[in-house]
Amino acid sequence: MNKIFSLGIDVGSTTVKTVILDEAGNIIRSRYQRHFSKVRETVEEQLSEIAEEYSGCGFRLSITGSAGLGLANASGLPFVQEVFGAFIAVKNSYPDADVVIELGGEDAKIIFLTGGVEQRMNGSCAGGTGAFIDQMATLLGITTDELDRLALNAEKLYPIASRCGVFAKSDIQPLLNQGAKREDIAASIFQAVVDQTVSGLAQGREIKGKVLFLGGPLSFQKGLRKAFVNTLKLSDENAVFPENAPCFMAYGCALHAKDTCEPMPIDEITERLKNAEMKDDIITGQPLFGSKEEYESFVARHRQFDLKYADINNYAGEAYLGIDAGSTTTKLVLITPKGELLYQHYCSSMGRPLDIISSKLKDIYALTEDRVKIVSSAVTGYGEDLIKAGLGIDHGIVETVAHYKAASFFEPDVDFIIDIGGQDIKCFKIKNKAIDSIMLNEACSSGCGSFIQTFALAMGYDIAEFSQLGLFAERPVDLGSRCTVFMNSSVKQAQKDGASVEDISAGLSSSIIKNAVYKVIRAKSVDELGKHIVVQGGTFLNDAVLRSFELELGRNVVRPAIAGLMGAFGCALYAMEHKGEKSSIITAEQLEDFTYSAKQRTCGGCTAHCNLTVISFGDKTNGRKFISGNRCEKGAGIALTEEKLCLYDYKYNRLLSVTNEKPSSPKAKVGIPLCLGFYEQLPFWHRVFTDLGFEVIVSEESSRDIYYKGQHTIPSDTVCYPAKLAHGHILSLLERGADFIFYPCESYNIDEGQSDNHYNCPVVAYYPELLKANVNELNDENFLYPYIDINLEKHFAEVMSKSLAKYGVTKKDAKAVWSKGMEALRDYSRDLIAKGEEIIKKARERKMPIIVLAGRPYHIDPEINHGIQKLITGLGLAVITEDSVSHLADTPELTVLNQWTYHSRLYRAATYVTTQPDMQLVQLVSFGCGIDAITTDEVRSILESGGKLYTQLKIDEINNLGAAKIRLRSLVAAMAVD
Amino acid sequence: MSAVFTPEMKQTHTILIPDMLPIHFGLIMEIFRNNGYKMELLTTSTRSVVDEGLKHVHNDTCYPALLVIGQFIDALKSGKYDVNKVALLISQTGGGCRASNYIHLLRKALDEEFPQIPVLSLNFSGLEKDSGFKITAGMFLQMLYAVLYGDLMMSLYNTCRAYELNKGDSKAVLDKWRKKIAELFRNGGYRKTKKLYREILADFSQIKRTKEKKVRVGIVGEIYVKYSPLANNHLEDFLISEGCEPVVPAFLDFCLYCAVNTVNDGKIYNFSTKATKLFGIAYKLIYSMQKQMIKIVREHGEFDPPHDFEDLRTYADKYMHQGVKMGEGWLIPAEMAALAHGGVENIICTQPFGCLPNHIVAKGMSRVIKEAFPQANIVAVDYDPGATRVNQENRIKLMLANARKEI
């Protein structure tokens with residue numbers, strides 16, 4: 001060995017970085033290269049370059065990075081954990097830095113250097129930062145560089161869920177479809193990454209001082225940098241973006257090697273890497289097809305389900321137009337009265353459904369000249385309202401209806417339909433020629449269809465090519481099924497372990513199917529599904545996906561050749577059935593001058609503050625406007641004609657009204673946070689404290705700002721949103737000058753005598769403990785959180801007198817107020833029931849169906865329910881709460897342990913609903929509510945065995961209601977058939 | 001209603017049990033066998049275990065439920081057992097956590113394909129009384145001994161194998177004692193705890209070990225994920241392979257925790273029932289047995305004794321009220337503090353993804369514990385069917401890199 005250098009190799013999830021140091025520790029060579037999942041090849045390539053340039057030299061070497069781990073283990077070369085590597089590099093180059101933030105393709109990390117060194121990585125649920133930006137760019141049909149340029153010109157930020165990539169995507173998709181500006185969306189995407197990092201990683205520790213930003217996305221994307229600097233309010237000198245940021249970890253790794261590793265000839269290093277036997281712990285499944293013949297007969301079997309075609313270039317006569325403006329793709333068909341296909345189009349929406357459809361319509365007008373008359377038209381999908389308004393489409397129908405129409409055209413006896421589109425998985429059972437039950441995926445498992453496409457593109461294949469690869473894979477890898485963030489990280493791991501593209505392609509297909517079967521359909525046996533199964537949606541055009549589904553079910557299914565166009569085809573069929581005198585569709589001449597522009601504004605109609613997108617259509621005929629993003633008529637500028645029948649609003653106001661009463665000369669001010677259990681027990685505690693001579697101050701009403709206020713003190717990013725809001729409420733109370741905050745821990749809730757036990761869930765029961773431990777401002781003086789079971793008078797008196805001894809409260813005093821508190825609680829409950837009865841009566845007079853919107857007491861918080869009750873009343877239904885009817889039924893026989901007070905009400909409310917012909921139940925579930933994993937199945941079975949539909953709405957910090965709207969409209973459509 | 005385990009089935013049916021603590025459960029099984037039950041421990045860990053779990057329970061249910069139920073169904077489908085001559089045993093704690101519902105979820109999962117299979121509840125809080133499966137006072141006592149021996153062996157085995165010079169020595173001693181204790185349960189003599197503890201200690205201390213200083217890593221967390229190698233991706237083995245010493249707190253602490261919670265309930269909420277009295281007596285008895293073991297390990301002087309449960313309670317009081325009794329409740333912060341206090345400053349908190357009590361007792365408490373022990377390195381690791389092993393190991397490696405810096 002002539003000379004000795006130090007070499008650091010950083011093998012990340014998307015790139016390989018190498019840095020070489022001379023003996024003095026100066027960087028003399030560095031490289032950054034994307035590996036496109038060819039991890040070993042790329043490393044070998046870089047090393048052979050180095051071997052050539054530094055032939056005969058020796059290197060002290062170590063490897064780092066998430067993908068480097070396996071490689072280091074297999075080759076027996078030294079490994080240094082990447083955050084630790086970064087730590088070494090920072091200590092060396094920026095000794096005065098206080099905090100380091102590093103975003104990579106997969107992981108996000110933060111290192112606090114001053115005031116107690118601490119290094120953190122994102123939790124499993126928030127992975128895929130860089131990958132997320134890539135995916136979002138693909139969604140918009142642009143490169144990440146273009147995304148970055150767009151972001152710099154943004155005018156407005158939309159709140160986008162920062163929980164994880166899947167949630168963020170669910171938020172962005174509808175924004176795109178509503179026509180929000182791409183610049184604003186781009187900037188919002190970056191902001192979501194920032195919020196995720198700040199809340200998910202910092203977890204209570206403030207990011208201040210000199211902050212160093214590292215990793216690929218942060219060194220290449222200026223928009224992302226800007227968002228970080230603005231959010232953290234950093235001055236220029238405190239926001240450091242090192243020039244060698246992309247290779248920083250490799251640099252740290254080389255430094256580590258320099259100090260700790262023995263030199264080795266370069267040839268030995270390359271040799272070791274070449275000969276490294278990767279440990280084979282990839283879990284694999286069965287091949288999709290055993291032989292070529294098997295595949296051919298499979299293809300032949302599916303070929304029979306096709307439409308007849310007619311030639312648009314010479315066809316003359318009537319035609320029907322169907323449009324499906326889906327979340328990621330736009331589909332359009334034109335059919336003859338005989339159902340022959342004249343024209344079809346399927347493409348990515350790229351956030352511009354209106355542009356695409358109007359241009360295709362122009363295309364149709366041009367092709368048909370004057371031979372064809374569009375008699376009627378219909379549209380469905382996320383973009384339904386916009387397209388209908390913009391292009392004068394005759395009918396807007398809900399997706400489930402469109403899909404059923406289309407499926408029954410191919411298989412009149414269809415009893416089960418599954419549609420896997422880009423964003424959503426929808427399944428419905430058909431009974432007696434009507435939709436009987438609907439299953440939709442929830443936010444967590446959305447985006448599977450488009451994930452496979454994004455992934456194919458990232459690997460450099462188009463989707464068709466990519467799916468073909470999987471057909472004959474010998475050992476499809478198991479990639480899990482929780483969500484695309486988890487799948488993405490499994491893929492990365494499989495690649496590192498040397499899985500082939502073929503095996504990954506097949507593995508992805510099977511993951512998507514498992515997600516649908518295990519998480520959405522949740523049938524225990526195939527027979528439950530039905531005998532005539534039709535599959536549709538663009539994702540099923542992928543033979544590997546189709547085959548995986550048949551294998552998983554052990555049954556053959558029907559896939560129409562136009563699987564991707566079924567929504568549009570169903571619309572066209574619907575349009576045919578509902579044709580009027582003349583179609584209102586935009587004419588060829590009007591289309592020539594068709595223009596539109598979009599503006600953003602915030603609705604001031606109520607506290608929901610909907611983000612509205614106002615689109616003005618500039619066609620000559622009139623200056624029409626279309627407003628989206630609103631929950632109720634107010635936002636759309638429509639005056640209300642009659643009183644809304646909604647118990648939610650009443651309940652919320654009734655609860656808060658108790659605080660109007662105050663004692664004349666209070667002993668002290670007690671603060672009560674408006675969160676979790678207090679949404680029911682406030683009347684009790686208010687009475688108790690007021691009668692003991694305290695003034696009760698309640699925290700300000702929930703809002704997004706309340707959430708942000710406490711965000712930095714939330715230690716667990718996967719806890720439910722109602723709990724997360726508690727942090728802001730505590731801080732709000734401290735600002736309001738409460739002498740002390742009272743928030744008891746309650747293992748036990750009110751005993752309603754209808755359950756095996758009357759627990760609170762662990763989060764509701766003990767959240768005060770968590771607040772005390774994580775909110776700096778709280779201490780033993782200003783925060784009282786005694787353990788109380790409010791059912792027990794004697795115990796209550798004892799605990800309260802002990803807790804409030806300082807204010808001279810005796811056992812006798814406390815005992816005296818207990819029954820009054822209980823009475824106040826009963827009054828509250830009585831009022832609710834009475835108001836509920838009134839609503840039911842009025843609804844029945846108006847022949848209005850009634851929805852029991854069943855959740856927990858805290859679901860009346862407008863920031864938690866996001867105004868879903870308004871969406872429901874907007875659809876012409878009355879809304880009541882679970883606790884206004886749960887006393888009307890006894891607990892049914894259950895197959896689970898019924899031991900939580902709130903949840904026990906759900907079972908009784910559901911039982912009651914099954915006895916009322918004009919009622920349906922919609923269950924509100926907060927994301928992360930583990931208890932509801934148990935209750936939802938049980939409530940579903942109570943409802944279904946009573947002949948009712950089950951609808952679940954999962955809510956989180958996300959406030960986009962697109963998915964909820966589809967579910968509710970599907971419910972309404974199904975109710976109409978009943 | 002699902003199938004009932006009749007007294008006759010004791011002769012005809014094999015009872016399958018999930019494998020949470022390999023050493024302990026092996027001994028407990030022996031006790032059941034001696035009492036005339038046929039019993040078998042499931043040790044399968046193939047991917048189909050997870051797949052069956054995903055298929056049969058709601059995917060948002062916690063990972064332990066998914067694994068245990070998946071493992072049962074996978075076994076039933078394996079063809080290895082006569083499904084008409086099999087029963088399943090699952091533990092049930094009866095608290096406010098979802099875990100009390102595992103047995104119901106299992107029955108639900110069996111409903112369709114295996115309605116004939118009886119499901120038995122192993123609990124000490126009077127749930128599911130009507131089954132033909134009875135744990136007598138004698139068996140209960142024997143199980144207690146099994147837990148004590150199990151704890152001692154588990155702890156000594158982990159300590160010794162981290163430092164053993166000849167690979168396999170510790171395993172050999174462990175196997176010897178597993179066999180021997182099982183024999184004593186069969187033929188009598190297992191009550192001579194003092195003598196046996198001393199012999200076990202002596203045997204393990206014979207193992208030739210290196211004097212090298214290694215990073216000691218404590219494992220706390222949700223009870224199943226904490227102990228079960230199937231659930232935690234063989235965490236103890238992984239730590240050994242990384243050159244660390246895994247320190248796994250005793251299972252008896254969890255038993256004491258359950259017992260004392262009932263006593264605490266009486267104190268906190270001002271009531272006294274048969275249960276509070278009974279558990280009060282049981283607590284005192286079990287605690288005295290733990291004290292005896294601690295005393296003997298101390299006398300021997302070579303190994304760390306298990307935590308003293310009363311010390312754990314004192315630790316808990318510093319961070320959290322003992323009223324937090326759902327899931328592993330106050331035991332988790334107590335164990336973290338006890339570990340850190342005993343010099344085991346690197347702590348992995350294992351938890352099923354989305355575990356409800358752990359929001360409060362694990363992630364929620366790590367800040368205050370870090371404040372009290374600035375050197376402590378606590379990492380929460382989520383376990384889930386979709387979470388990748390590399391991801392978990394990388395987080396642990398980060399912790400270890402920090403820890404090694406200190407050595």
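The sequence lines fix the lettering, A, B, ..., with proteins before strands; numbering per chain opens at 1.
- Scanning both residues, Met365(B) and Glu769(A), for their nearest heavy atoms gives CE-O, 3.5 Å.
- Put simply, CD on Glu393(B) and CD on Gln81(A) are 12.0 Å apart, with the number rounded to the nearest 0.5 Å.
- Looking at Val379(B), neither its backbone nor its side chain comes within 4.5 Å of chain A, counting heavy atoms on both sides.
- No side-chain donor-acceptor contact under 3.5 Å links Tyr787(A) to the backbone of Gln322(B).
- Lys794(A) NZ: 12 or fewer foreign heavy atoms inside a 6.0 Å radius.
- Phe79(A) touches chain B through its side chain: at least one heavy atom from C-beta onward sits under 4.5 Å away, while N, CA, C and O do not.
- Of the listed residues (Asp51(B), Ile268(B), Val50(B)), the one with the most heavy-atom contacts under 4.5 Å to chain A is Asp51(B).
- Between Met326(B) atom CE and Tyr759(A) atom OH the span is 6.5 Å, to the nearest 0.5 Å.
- To the nearest 0.5 Å, atoms CG (Asp265(B)) and OH (Tyr748(A)) are separated by 3.5 Å.
- Comparing Cys355(B), Ser366(B), Cys97(B), Gly327(B) by heavy-atom pairs within less than 4.5 Å of chain A, the highest count is held by Cys97(B).
- More than 12 heavy atoms of other residues, nucleotides or ligands sit less than 6.0 Å from atom NZ of Lys370(B).
- Closest of all the heavy-atom pairs between Leu897(A) and Ser100(B) is CD2-CB, 3.6 Å.
- To the nearest 0.5 Å, atom CZ of residue Phe927(A) and atom CG of residue Asp60(B) are 7.0 Å apart.
- If you run side-chain contact (heavy atoms from CB on, under 4.5 Å) between Tyr269(B) and each of Asp789(A), Asn791(A), Ile788(A), Val799(A), only Asp789(A) comes through.
- For a residue to count as touching a neighbouring chain, one of its non-hydrogen atoms must lie under 4.5 Å from one of that chain's; by this rule Lys325(B) touches chain A with backbone and side chain alike.
- Only the side chain of Asp384(B) comes within contact range of chain A, judged by heavy atoms closer than 4.5 Å.
- Highest contact tally toward chain B, considering only Pro715(A), Gly930(A), Ala765(A), is held by Gly930(A) [criterion: heavy-atom pairs under 4.5 Å].
- For chain B, the nearby part of Leu792(A) is the side chain; its heavy atoms alone come within less than 4.5 Å.
- Nearest heavy atoms, Leu69(A) versus Lys397(B): CD1-NZ, 3.0 Å.
- Considering only residues two or more places apart in sequence or on other chains, Lys318(B) meets the side chain to side chain donor-acceptor pair (under 3.5 Å) condition with none of them.
- Interface remark: Ser511(A) contributes no atoms to any contact with chain B (heavy atom separation under 4.5 Å).
- Counting heavy-atom pairs under 4.5 Å between each of Val83(A), Val896(A), Thr936(A), Leu771(A) and chain B puts Val896(A) at the top.
- In this structure, the side chain of His58(B) does not engage the main chain of Ile934(A) through any donor-acceptor pair within 3.5 Å.
- Arg98(B) and Ile931(A) get closest at one heavy-atom pair: CD-N, 3.9 Å.
- Only the side chain of Lys514(A) comes within contact range of chain B, with at least one heavy atom under 4.5 Å from a heavy atom of that chain.
- Interface residue Glu938(A): backbone and side-chain heavy atoms are both found under 4.5 Å from chain B.
- Proximity to chain A (any heavy atom under 4.5 Å) is shown, for Phe271(B), by neither the backbone nor the side chain.
- Remark: Leu398(B) CG to Phe87(A) CZ distance equals 10.5 Å, nearest 0.5 Å.
- Note on Met320(B), Gln392(B), Met399(B), Glu371(B): by heavy-atom pairs under 4.5 Å with chain A, the leading option is Met320(B).
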Identify all side-chain donor-acceptor contacts of residues 356-364 of chain B below 3.5 Å with residues at least two apart in sequence or on another chain.
| residue | atom | partner | partner atom | Å |
| --- | --- | --- | --- | --- |
| Asn358(B) | ND2 | Gln351(B) | OE1 | 3.1 |
| His359(B) | ND1 | Ser716(A) | OG | 2.6 |

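- Most heavy-atom pairs under 4.5 Å with chain B, from the set Leu770(A), Ile521(A), Asp756(A), Asp932(A): that is Leu770(A).
- Using a 4.5 Å cut-off between heavy atoms, Phe796(A) does not touch chain B at all.
- A distance of 5.5 Å separates CG in Asn774(A) from CZ in Arg367(B), rounded to the nearest 0.5 Å.
- Proximity to chain B is limited to the backbone of Asn760(A), based on heavy atoms less than 4.5 angstrom apart.
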